[in-house]
Amino acid sequence: MPQYVDPYSALPVVPAFALHSNDIADGESMDVAQSSAIFGGPGQDRSPHLQWSGYPAETRSFSVTCFDPDALTVSGFWHWAVYDIPTSVNELPAGAGDVGGRNLPAGAKMLSNDSGRRGYLGAAPPPGEAPHRYIFVVHALDVPTLDDVTQDATPAWLGFRLAAHGLARARLTPLFGIPG
């Protein structure tokens with residue numbers, strides 16, 4: 001697999017905390033459930049279960065993002081962006097990223113991903129490419145809400161606000177590829 005730059009290495013360094021999932025693991029291939037049916041494949045576009053712990057005591061809210069830095073674009077591809085998750089929540093069930101957000105906790109907001117869909121879009125790399133990395137990050141933030149992020153904002157704009165308000169990050173980076 002080609003060696004790619006870690007896009008988070010350019011951001012301010014913050015402490016890490018623990019992230020666990022029943023569905024994904026670092027360096028392991030994601031299940032077809034977390035892949036996409038957007039191009040007619042068997043994917044289910046089901047966001048993975050995520051559970052986090054060990055975040056700073058001063059955390060006031062969370063955000064969850066999924067980014068593919070290996071997409072064949074100059075800007076990567078945002079698959080999922082959720083913010084304003086209250087600190088009373090430390091787990092999202094599988095499927096929390098369903099279109100419409102009906103499985104998100106009260107108060108949480110979801111942006112459209114880079115396909116324009118407001119929900120989780122599963123992995124869909126071109127067949128035959130080296131497996132792509134899908135970087136799932138839980139961001140611990142110093143504010144209860146990101147009032148300057150509107151529902152029509154882009155995940156990139158959210159990223160600016162996450163860098164400005166980030167206290168700590170937890171990450172899992174599974175892989176997904178489709179044989180040629």
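One-based numbering along the sequence shown.
- Atom-to-atom distance recorded for Trp52:CH2 and Asn90:CG is 6.5 Å, nearest 0.5 angstrom.
- Ile178 and Pro125 get closest at one heavy-atom pair: CD1-O, 3.3 Å.
- Distance check, rounded to the nearest 0.5 Å: CG of Leu50 to CZ of Phe62 gives 12.0 Å.
- Here the closest heavy-atom approach between residue Leu11 and residue Ala163 is recorded as CD2-CB, 4.4 Å.
- Asn113 places a side-chain N or O within donor-acceptor distance of the main-chain N or O of Gly119, the cut-off being under 3.5 Å.
- The hydrophobic cluster containing Val13, built from Ile/Leu/Val/Met/Phe/Trp/Tyr side-chain heavy atoms closer than 4.5 Å, comprises no other residue.
- Cluster membership check: Val82 shares its hydrophobic cluster with Val89, using side-chain heavy-atom separations under 4.5 Å among Ile, Leu, Val, Met, Phe, Trp and Tyr.
- A single hydrophobic cluster is seen to contain both Leu111 and Trp157, as judged by linkage of ILVMFWY side chains at heavy-atom distances under 4.5 Å, directly or through other members.
- A continuous path of hydrophobic side-chain contacts links Phe136 to Val138 [ILVMFWY only; heavy atoms under 4.5 Å].
- The one candidate from Thr87, Asp142, Leu141 that meets the side-chain contact (heavy atoms from CB on, under 4.5 Å) condition with Thr59 is Thr87.
- Across all non-hydrogen atoms, the minimal contact from Ala123 to Met30 is CB-CE, 3.6 Å.
- Defined by atom type and a distance below 3.5 Å, a donor-acceptor pair is missing between the side-chain atoms of Glu91 and His20.
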Inset, instruction - Just do the side chain to side chain contact (heavy atoms under 4.5 Å, CB included) check on Leu92 and Ser47 with the steps written out, would you? - result: CA-CA 9 Å; Leu92 293 179; Ser47 60; over 6 Å; no
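- When atom types are taken as modelled, the side chain of Gln51 and the backbone of Ser21 share no donor-acceptor pair closer than 3.5 angstrom.
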Legend entry - Phe77 and Leu121: CA distance, side-chain angles, deciding distance, side chain to side chain contact (heavy atoms under 4.5 Å, CB included) verdict: CA-CA 10 Å; Phe77 191 94; Leu121 181 72; 3.7 Å; yes
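- One distance of note links CD1 of Ile135 with CG of Leu172; it measures 11.0 Å at 0.5 Å rounding.
- Of all heavy-atom pairs spanning Pro126 and Leu72, the tightest one is CG-CD1, 4.4 Å.
- Using cut-offs of 30° and 60° on the angle between ring planes, the pair Tyr55 and Phe17 is perpendicular.
- Atom OG of Ser61 sits about 5.5 Å away from atom CG of Leu146, to the nearest 0.5 Å.
- Side-chain atoms of His132 never come within 3.5 Å of backbone atoms of Asp68 as a donor-acceptor pair (strictly under, hydrogens ignored).
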Legend entry - From CA spacing to verdict: side chain to side chain contact (heavy atoms under 4.5 Å, CB included), Gln34, Tyr120: CA-CA 9 Å; Gln34 281 74 52; Tyr120 171 78; 3.7 Å; yes
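- In this structure, Tyr83 contributes its side chain and Arg161 its backbone to no donor-acceptor pair below 3.5 Å.
- Here Arg118 pairs with nothing under the salt bridge (charged side-chain N to carboxylate O under 4.0 Å, His left out) rule; sequence neighbours left out.
- For the atom pair CG of Leu175 and OH of Tyr134, the computed distance is 9.0 Å after rounding to the nearest 0.5 Å.
- Following chains of ILVMFWY side-chain contacts shorter than 4.5 Å, one cannot reach Phe160 starting from Trp78, and the two form parts of different hydrophobic clusters.
- Using a 4.0 Å cut-off between a side-chain N of Lys or Arg and a carboxylate O of Asp or Glu, Asp45 and Arg117 qualify as a salt bridge.
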Give the table of side-chain donor-acceptor pairs shorter than 3.5 Å for residues 103-110, with sequence neighbours excluded, one pair per line with atom names and distance.
residue	atom	partner	partner atom	Å
Asn103	ND2	Gly95	O	3.2
Asn103	ND2	Asp98	OD2	3.2
Lys109	NZ	Asp84	OD2	2.8

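- In plain terms, the two heavy atoms of Ser29 and Phe176 that are nearest each other are OG-CD1, 4.3 Å.
- Taking the six-membered ring where tryptophan is involved, the planes of Tyr8 and His139 are tilted, since the angle between them lies from 30° to 60°.
- Ala168 and Val14 make their closest contact through CA-CG2, 3.7 Å (heavy atoms, listed as atom of the first residue, atom of the second, distance).
- Using a 4.5 Å cut-off between side-chain heavy atoms of Ile, Leu, Val, Met, Phe, Trp and Tyr, with links allowed through other members, Trp80 and Val137 fall into different hydrophobic clusters.
- Considering CD of Glu129 and CG of Asp70, their distance stands at 8.5 Å, rounded to 0.5 Å.
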